[in-house]
Amino acid sequence: MIEEKRLVTEMSEKKEAVVSSTEQVNTYRAQRLENMEKLAALGYKPFGRAWPRSGRLTDIRARFEEGKKVAVAGRLLTIRDIGKAVFADIYDGSDRFQIFVKRDRLSETAFQAFKLLDLGDHIGVEGELFVTRRGEQSIIVENWEMLSKALLNLPEKWHGLQDTEERYRKRYLDLIANPESRDRFNKRIAIMREIRAYLDARGYQEVETPMMQPQAGGAAARPFTTHYNALDATMFMRIAPELYLKRLLVGGFDKVYEIGRNFRNEGLDRTHNPEFTVLELYEAYGDRLSMKAVIEGLIPAVAQKVLGTLKMVMPTADGESEEIDLTPPYREVAYKDLVREKMGKDWFNLDDNEARKRAEAAGVEVDDEMNHLLITPEIYDKLIEKTLRQPTFVIRLPKQFVPLAKTCEDDPELVDVFEFVVGGKELCPGYTENNDSLEQRIRFTEQVGENQERLDEDFLTALEHGMPPAGGLGIGLDRLVMLLTGTDVIRDVILFPQLKQRS
RNA sequence: GGGGGUGUAGCUCAGUCGGUAGAGCAACUGACUCUUAAUCAGUGGGUCCACGGUUCGAGCCCGUGCACCCCUACCA
């Protein structure tokens, strides 16, 4: 008892200072501090240590057995005090569970101390499993311990945390207060695990390549810049792992993948976060078709395993929702056929002037400078892509789209790639990779123009040692999670999305 | 970048015509030994996002700024 009193009276000056100076000083916090001291005086130290559990609450529920002694822990979410007994719910991240504190089942001190607890406090309890008259599985508490004092209030128990900004800035509160948010992230974790399990089982090896690179290559995007003090050198956060994974193909890895973060120095909106997670995969001696096989195997396998169904429900722009069926095989259609379907069989025979007229008639804005080559992609982006709701491989794309891929054998103006489109949005490109080291050198040199120092000479050298023919693909995993969890906001599938600093 | 919306108690939200700031949950006091959004009685709680302006008087009207949301544009 003496020791506990010391805890109260000899609280270090530093702690005293924190107690009084924290910006969040308010009456709630003051009350909680007072309760904390009262508890300490009764022998309950506010910030406890390890509390061995006989299981997580979800396990306790799964292996429920009346009369069994258990030890569990969790955060108090609700308290229903009915005088000489108290019901409360605790949450340990796995499940909520009701505990029952009955005056005649524990010491007077332990009972009185329990009444000093606040919502949000972490406690450990020991007791016996039983079922209430209303049929709820519960624990009757025989002993309990303070594990962590909460000095600040939880969000409202019924409505949860609604303010979108607060949900992103204080994700920890969102996770406590909104079960559907926690559930969505549990699914994300499961999706990641199943992707790895699927690929690992088929002989793909997961690798890690640099996120800080002297040149940021592999995609057309502005990189974030950083500085390496020891070398006094400018470094870039990667915009894609592609060029390193291809080095590994040269080095003899024949089936590799990487799951990791890309960083792009761009704006943010409901489908873009500046750092986002991708799966990039390469398979030596493969091509576009082997990548198609990976997609048609991986996506349904993950959906089935994690969600138990291949029928997704996605919100649409008009506030309705639609069903998306992930059962393979998926539709495959040539880019030009889609355009002809929309704009007429003779579309590609029109001259620029006629094409402009017809495009405008279809509701696409084009200016006088635009020729056929520029109008067609505009048609695709504005009119066609959004209509591809069910999973679709768009193949045989114009070379201008993907200059680094291999051309189609029967048409040098088209590249042998696909864009995998679901719900009207591109989810994933798949390529027959170009392994022609001389052509790559020419293209890279053209691309960097005057800035020859940006040429990734090391990569080009690697290619000249010979890269096997290969198929490659990249899936934006945040967007895959959006598809599989039926959400249309990327911030809802990223634990800590990027937000502006608040002063 | 352009247009629209939102910002009020710890949380969820009302706030009429410009005239003393409201409810539910949470909190505090009391009652209650099977409650589960516990119930019942009572009490306290506000930088109305920030700064400036109009006015005798501003949560409300005007201006500027900040953050978030939606639409749109840009970007892959």
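Note on naming: letters A, B, ... go to the chains in the order of the sequence lines (proteins, then strands), and numbering restarts at 1 for each one.
- Each of Arg80(A) and Lys382(A) has a nearest nucleotide on RNA chain B; the 5'-most of these lies closest to Arg80(A).
- Using a 4.0 Å cut-off between charged side-chain N and carboxylate O, Arg53(A) and Asp59(A) make no salt bridge.
- A close approach under 4.0 Å does occur between a side-chain nitrogen or oxygen of Asn35(A) and OP1 or OP2 of rC28(B).
- Pair assignment for rG24(B) gives rC11(B), based on Watson-Crick or G-U wobble hydrogen-bonding distances that are each under 3.5 Å.
- Using a 4.0 Å heavy-atom criterion, one finds that Asp89(A) contacts no nucleic acid atom at all.
- Residues Tyr380(A) and Lys342(A) form no side-chain contact, since every pair of their non-hydrogen atoms from C-beta on lies 4.5 Å or further apart.
- Pair check for rC60(B) finds none; no Watson-Crick or G-U wobble contact set falls under 3.5 Å.
- Residue Arg264(A) places no side-chain N or O under 4.0 Å from the OP1 or OP2 atom of rC75(B).
- As judged by a 4.0 angstrom heavy-atom cut-off over every strand, Glu136(A) is placed among the base-contacting residues.
- Backbone-only contact: Ala220(A) has heavy atoms under 4.0 Å from sugar-phosphate atoms and none from a base.
- The shortest distance between the side-chain N/O atoms of Lys157(A) and the OP1/OP2 oxygens of rC11(B) is not below 4.0 Å.
- Across all strands shown, rA41(B) forms a Watson-Crick or G-U wobble pair, both distances under 3.5 Å, with rU29(B).
- Comparing the same atom, C1', in rG45(B) and in rA50(B) gives a spacing of 23 Å after rounding to whole Å.
- Side-chain contact between Ile195(A) and Leu480(A): present, with at least one pair of heavy atoms (C-beta onward) separated by less than 4.5 Å.
- No engagement by Leu154(A) is indicated, since no non-hydrogen atom pair under 4.0 Å with the nucleic acid exists.
- OP1 and OP2 of rU35(B) both lie 4.0 Å or more from every side-chain N or O belonging to Arg133(A).
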